Amino acid sequence: MKDLISFKLITALSITLLSFSSCKNLDLKESSSSGIAAKNIEEYAIQGVLWQQTSGEYKALCYQAFNIAKLQLGKELSNHATSDKPLAIVTDLDETLIDNSPYSAKQAKIGEGFLAENWIAWGNLEAAEAVPGALEFLNFAHQNGVAIFYISDRYNNQLQSTINNLKKLNFPNADNEHIMLKQKGQNKEKRRLKVAQNYKAVLFLGDNLSDFSNIFDHQTLESRNALTDKERAEFGKKFIVLPNPMYGAWLTDGIYNGKYDWTPAQKDSIIRKRLNSY
Ligand SMILES: [Mg+2]
């Protein structure tokens, strides 16, 4: 009986070891044939997410942006003639006024790139918090008679959840008229021009260069940088920039050259090639 038990134990152990070693071989085969195919490339965002969620420096940069915005708006208000068009602020939403870092944290943890359905599901929670300083600044603008237009590339079917989220946080002008989400094939310039028909837009707020002007749309890394240098006088004046180390056109257009179907191994290689070391 004891021998039989020992035999069974040894057999079971051998099968387990065999299975383990064949799995291991498969893994090795996979990793040797496709490089780092199994790598969770989304993990590269972790340090950016952590910085946004925990650092005083992130908050300080946001406060700095909104302090400058208030200063510039004060100048515009004192120079504004009653005969002029009413004043407006044009602002982006995500990572400009509201913080979606929990969505990016989840992407990094589960190793999943951007998926519309997951982005919409996160939006439906209506749980994004306000970016530090955003609410105070926009309420200052609103109390001084400045209209706020939220021009965001959130999907059009996210309108109600977006209104709800902004209302929960007490953002002014959180309604159908002032929230202008992406229509099919439409960039932000069309929506900015629509605002300009009836308002004098004096400040543009965003975490992405395309939030300021269409000259930055779909540009290479080199062009984005050259254009930023060219427009240097506008930053902190008409263009107010918020930090976003997690995602954006700096990555999709800049690093990945506007191509969305790189494999994780290719992305890893591209990222490493972009590093400036010595
Ligand atoms: Mg944004």
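In each ligand, atom 1 is the first atom listed, and ligand 1 is the first ligand listed. In this text, all values refer to a predicted model and were calculated from it rather than measured experimentally.
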- Item | Cation-pi check, Lys85 onto Tyr199 ring (under 6.0 Å, within 45° of axis) | no
- Task: Look only at the side chain of Asn139 and the backbone of Leu135, and say whether a donor-acceptor pair between them is shorter than 3.5 Å.
- Result: yes
- Message: Under a plain distance cut-off of 3.5 Å, with no hydrogens placed, do Ser161 and Glu126 share a side-chain donor-acceptor pair?
- Response: no
- Message: Using a 6.0 Å cut-off, check whether atom CD of Glu129 has over 12 heavy atoms from anything other than its own residue.
- Response: no
- Item | Over 12 non-hydrogen atoms of neighbours within 6.0 angstrom of NZ in Lys190 | no
- Item | Contacts of the Mg ion (ligand 1) with protein N/O/S atoms, counting only those under 2.8 Å | Asp92 OD2, Asp94 O, Asp207 OD1
- Message: Under a 4.0 Å threshold between the charged nitrogen and the carboxylate oxygen, would Lys167 count as salt-bridged to Asp175?
- Response: no
